[in-house]
Amino acid sequence: MSKTLVIVESPTKAKTIRGFLPRGFQVAASMGHVRDLPNSASEIPASHKGEPWAKLGVNTADQFQRLYVVPKDKKKVVRELKDALKAADQLLLATDEDREGESISWHLMELLKPKIPVKRMVFHEITKEAIAQALAHPRDLNQNLVQAQEARRVLDRLVGYTLSPLLWKKVAYGLSAGRVQSVAVRLLVQREHSRLAFRSGSYWDLKAQLVGHGQGFEARLTHVAGEQIATGTDFDQNTGTLKKGLKVKLLGEQEAQDLKEAIAHQCWRVSHGQNKPTSRHPAAPFTTSTMQQEANRKLRLSARQTMGIAQSLYEKGFITYMRTDSVHLSDQAIAAARRCVEQTFGAPYLSPKVRQYTTKSRNAQEAHEAIRPAGEHFRSPQETGLSGAERHLYELIWMRTVACQMADAQITMVTVQLEVGEARFRSTGKRVDFPGFFRAYVEGKDDPQAALDSKEVLLPSLQVGDQPTCKAIEALDHQTQPPARFSEAALVQKLEAEGIGRPSTYATIIGTVCDRGYAQLVGNALVPSFTAFAVTNLLEKNFPDLVDTGFTARMEGTLDEISQGQGQWLPYLEQFYCGEKGLEAKVAHQEQSIDPTTFRTVALEKLPCVVRISKFGAYLEADYDGQTVKANLPSDLTPADLNPERVEELCQNKLSGPEALGTDPETGEPIYLLTGQYGPYVQRGEATSDHPKPKRASLLPGMQSTDMTLATALELLRLPRRLGEHPDGGTVDAGLGRFGPYVVWNKGKGERDYRSLKGEDHVFTIPLERALELLAVPKLGRGKRAPLRQLGVHPDDGEPVAIFPGPYGEYIKHGKCNCSLPEGKTAVDVDLNEAIALLAAKAEAKGTSKGTRKTTRATTKKQGAKPKKQATTGSKTTRSNAKAKTTGPEGKAPGSTRSKTAVTTTGKAKPVSHGHSTIPLTP
């Protein structure tokens with residue numbers, strides 16, 4: 001019987017697809033990419049360590065050949081894939097259908113070197129029908145997509161590894177630059193500059209509370225003596241005054257109060273009324289970027305969280321492929337959505353005609369679909385059995401897809417003008433005549449006013465000549481507001497509108513921007529740091545093209561042309577990097593002229609100081625009372641938080657020293673509240689040459705420096721405090737560490753056992769009895785999960801057997817042996833006896849596999865045959881389960897692509913040892 005090997009990226013995807021394949025098919029997971037360019041010197045093979053281009057990983061002098069490596073944690077995966085391939089008659093590469101998925105398949109072919117027929121198996125959803133279609137219509141590898149992805153990888157490496165070392169020398173060590181990352185940071189900085197340069201304007205108006213036909217409503221002043229009054233849009237944000245040329249009346253406080261008094265007892269009359277029917281159309285189904293935007297607005301999920309959850313939903317077979325630019329829906333999906341509308345909301349809510357949306361992005365692939373529920377029948381959120389964030393995101397996708405086939409919402413906009421004395425007021429209302437798709441979904445907005453699109457504002461039925469009664473008039477003061485900061489949703493929207501990067505990479509880009517300290521999330525807003533200002537200034541002044549939105553968008557366009565077979569990779573890479581005008585020459589030339597002091601300095605509008613960047617963080621420098629003062633800035637202080645008052649406070653504290661909270665009654669030393677690089681802290685006594693390190697203590701999480709008292713400071717300085725003796729020997733203390741408050745059992749000889757304090761347990765008051773309870777609970781360890789269910793102890797060794805949640809599903813654990821639950825079973829379905837049998841089967845299979853490899857090696861050795869040297873490869877991190885961890889100067893996190901590390905080189909180079917080879921860009 002013939003056997004077919006199917007390779008996918010993740011175990012979850014493998015587990016789901018396995019249920020839809022016929023007998024004779026084996027599914028294996030590559031765990032993402034199996035190789036990549038080296039991320040550190042330790043990954044460079046010995047045969048290439050002497051090469052000047054080895055650290056870059058790209059030989060720019062020889063047709064941009066790349067050096068690929070296989071990381072240590074992928075060698076086992078590669079070995080297992082090769083073992084599985086030996087027993088197969090056919091290989092199907094079923095990685096994702098986008099460019100990166102195509103690249104993973106190409107790397108697998110290059111690494112495994114199969115001698116059997118190989119085909120690509122592509123599908124955009126994991127359902128029985130989709131898998132059957134994919135099996136019936138396999139295709140060859142798309143070399144254009146591979147070239148585009150490889151060219152993108154090379155570009156990212158060239159920019160990151162060329163500019164980042166320059167930033168280390170000229171600004172601060174550890175910084176990174178990126179082809180798209182640096183443009184995103186510049187957008188944040190530009191918006192913050194606009195906010196800092198903003199000048200607020202002030203204006204007044206009147207608001208009246210009226211009653212007509214027994215119903216209350218509200219009206220706003222619009223004209224006085226026939227002249228329109230000024231509103232917020234009439235002000236120049238750079239001067240805080242009215243824009244030139246506008247014929248509007250600016251109402252001050254006194255004028256507003258006088259007008260209020262003048263019309264307080266006059267008769268109101270309706271002078272004009274208008275009812276304007278209008279329609280609202282449902283939004284298109286989700287693309288990657290619109291899903292990220294809406295999940296951020298409605299669910300408060302970051303782009304990174306959204307993509308991780310969506311990846312899990314796709315691999316479990318709940319939604320279609322989640323990396324797409326297309327809003328197109330298949331006929332099958334449209335039929336399923338229309339059935340949902342009829343069954344859930346009724347026939348009147350179904351759109352009269354089928355809605356089909358056209359993708360506006362010129363680079364979108366119409367062969368792909370929008371993100372939607374998978375299958376010919378859309379499971380309702382209740383039918384999925386999902387919970388938590390997965391349930392919420394699936395529900396969002398379900399509602400958006402169903403809503404796109406619903407009828408328009410019919411709305412009547414009502415406007416009423418009222419006159420009283422020489423003043424004119426306006427009242428606006430909105431009546432929803434037929435909710436249509438509003439019943440299922442209303443698109444979110446970053447503007448709070450626009451977010452009220454579906455809300456009714458009902459007015460009484462007023463006619464011209466009616467005289468409503470005025471109940472109250474209020475004079476209101478208004479201040480114009482600066483431009484809003486970017487939320488994650490707004491930044492994704494801006495990047496997509498400018499054509500910068502790909503929607504599938506936005507989660508990684510924003511994650512890296514925050515991880516590298518270029519911005520922090522305050523509420524839902526991305527606030528740039530001083531480091532972001534310094535780096536953006538350097539790049540704008542010396543490499544303006546690399547942070548220009550138009551230039552970056554044209555780069556994306558060129559990569560798209562390569563993917564469509566309309567462009568050539570090599571001429572473009574040579575033009576970008578080589579020659580007198582290439583990036584390499586530009587960096588070498590500019591490095592000589594860049595003054596580090598200049599670009600480590602940040603000068604902000606309206607501030608009587610400058611901020612400088614050092615390896616220890618940011619500090620301010622100002623002329624204060626005739627002398628130069630330097631004061632450290634807390635690491636969480638952003639440019640937006642630094643104002644003249646804060647500068648004066650920091651300078652005064654630096655010169656005179658902080659005011660003491662009081663005196664320690666036990667030692668007689670003063671107790672100070674100070675601010676350092678990592679935030680506020682308390683200190684007993686002063687630092688002197690004889691006593692350079694006085695006792696210090698950080699504030700507890702949630703404490704505010706403004707609320708600090710002498711009593712609280714003394715409690716902090718007494719930490720760690722002794723709670724008592726442990727029954728098994730040693731002592732128990734409560735203290736405060738870098739990860740927060742804790743209790744610790746000091747067992748002796750340097751051995752300690754820690755437990756974090758959470759909930760109602762307070763480090764100042766926790767008694768010994770409670771500490772002993774916490775210490776008695778087994779320690780899970782960092783990042784480890786609590787078991788879902790304890791099954792009992794194993795009869796062979798008495799060790800516990802339990803079921804745990806994992807990134808790829810629930811599994812049984814006994815010691816170091818893990819095994820997945822059988823298909824279709826959950827933690828409640830498995831007992832101890834079944835678990836022991838499953839663990840034994842796993843151990844036996846593992847032993848057989850090892851024995852087979854040993855026998856093969858022994859036979860090979862006996863025959864005197866030399867094993868072939870194989871190209872090693874590296875990987876980054878799987879898309880579905882990558883942890884946020886920064887690596888390398890490219891500003892990329894391991895989760896940014898679907899692999900961990902890989903190196904391969906081929907072409908003109910001779911075969912090399914250690915299994916490494918160089919590869920020309922043309923596959």
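Only heavy atoms go into these numbers, but all of them, side chains included; no hydrogens, no water, no symmetry mates.
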Those residues that, when tested against [X], pass ring pair (Phe, Tyr, Trp, His ring centres under 6.0 Å) (two or more places apart):
X: Phe551; value: none
X: Tyr518; value: none
X: His478; value: Tyr203
X: His691; value: none

Would Arg191 and Phe486 count as a cation-pi pair here, with the cationic atom under 6.0 angstrom from the ring centre and within 45° of the axis? yes
Tell me whether Arg157 forms a cation-pi arrangement with Tyr161, defined as NZ or CZ under 6.0 Å from the six-membered ring centre and within 45 degrees of its axis. yes
Is any side-chain heavy atom of Val602 closer than 4.5 Å to a side-chain heavy atom of Val610? no
Any non-hydrogen side-chain atom of Thr601 less than 4.5 Å from a side-chain atom of Asn537? no
Residues passing the salt bridge (Lys or Arg N to Asp or Glu O under 4.0 Å) test with Arg186, sequence neighbours excluded, are Glu540
Sequence neighbours excluded, the answer for salt bridge (Lys or Arg N to Asp or Glu O under 4.0 Å) partners of Lys494 is Glu498
Could you tell me whether [X] and [Y] make a salt bridge, using a distance below 4.0 angstrom between a side-chain N and a carboxylate O?
X: Lys243; Y: Asp236; answer: no
X: Arg304; Y: Asp515; answer: yes
X: Arg179; Y: Glu556; answer: yes

Using a 6.0 Å cut-off, check whether atom NZ of Lys55 has over 12 heavy atoms from anything other than its own residue. no
For Lys693, look at atom NZ and say whether over 12 heavy atoms of other residues, nucleotides or ligands are found less than 6.0 Å away. no
Backbone of [Y] reached by a side-chain donor or acceptor of [X] within 3.5 Å:
X: Arg199; Y: Ala197; result: yes
X: Lys630; Y: Leu620; result: no
X: Glu591; Y: Ala588; result: no
X: Ser194; Y: Gln190; result: yes
X: Arg721; Y: Val763; result: yes

Among Leu633, Leu607, Leu637, whose side chain to side chain contact (heavy atoms under 4.5 Å, CB included) with Arg646 holds? Leu637
I'd like to check the side chain to side chain contact (heavy atoms under 4.5 Å, CB included) partners of [X]; sequence neighbours left out, ordered by chain and number.
X: Glu645; value: Asn643
X: Ala484; value: none
X: Thr667; value: Asp664, Glu669, Arg684
X: Ala697; value: Val682, Leu716, Leu717

Side chain to side chain donor-acceptor pair (under 3.5 Å) for Ser202 and Asp477? Distances and angles first, verdict last. CA-CA 7 Å; Ser202 177; Asp477 177 27; 3.2 Å; yes
Between [X] and [Y], is any side-chain donor less than 3.5 angstrom from a side-chain acceptor?
X: Ser176; Y: Gln181; result: yes
X: Gln652; Y: Tyr624; result: yes
X: Thr508; Y: Thr505; result: no

The test is salt bridge (Lys or Arg N to Asp or Glu O under 4.0 Å); show your working for Lys586 and Glu580 and say whether it passes. CA-CA 8 Å; Lys586 284 181 182 178; Glu580 294 181 1; over 6 Å; no
Going by the salt bridge (Lys or Arg N to Asp or Glu O under 4.0 Å) test, which pairs reach into residues 480-491, not counting sequence neighbours? Glu192-Arg485
Sorted by first residue and then second, give each ring-ring contact (aromatic ring centres under 6.0 Å, His included) pair with at least one member in residues 521-550; sequence neighbours left out. His193-Phe533
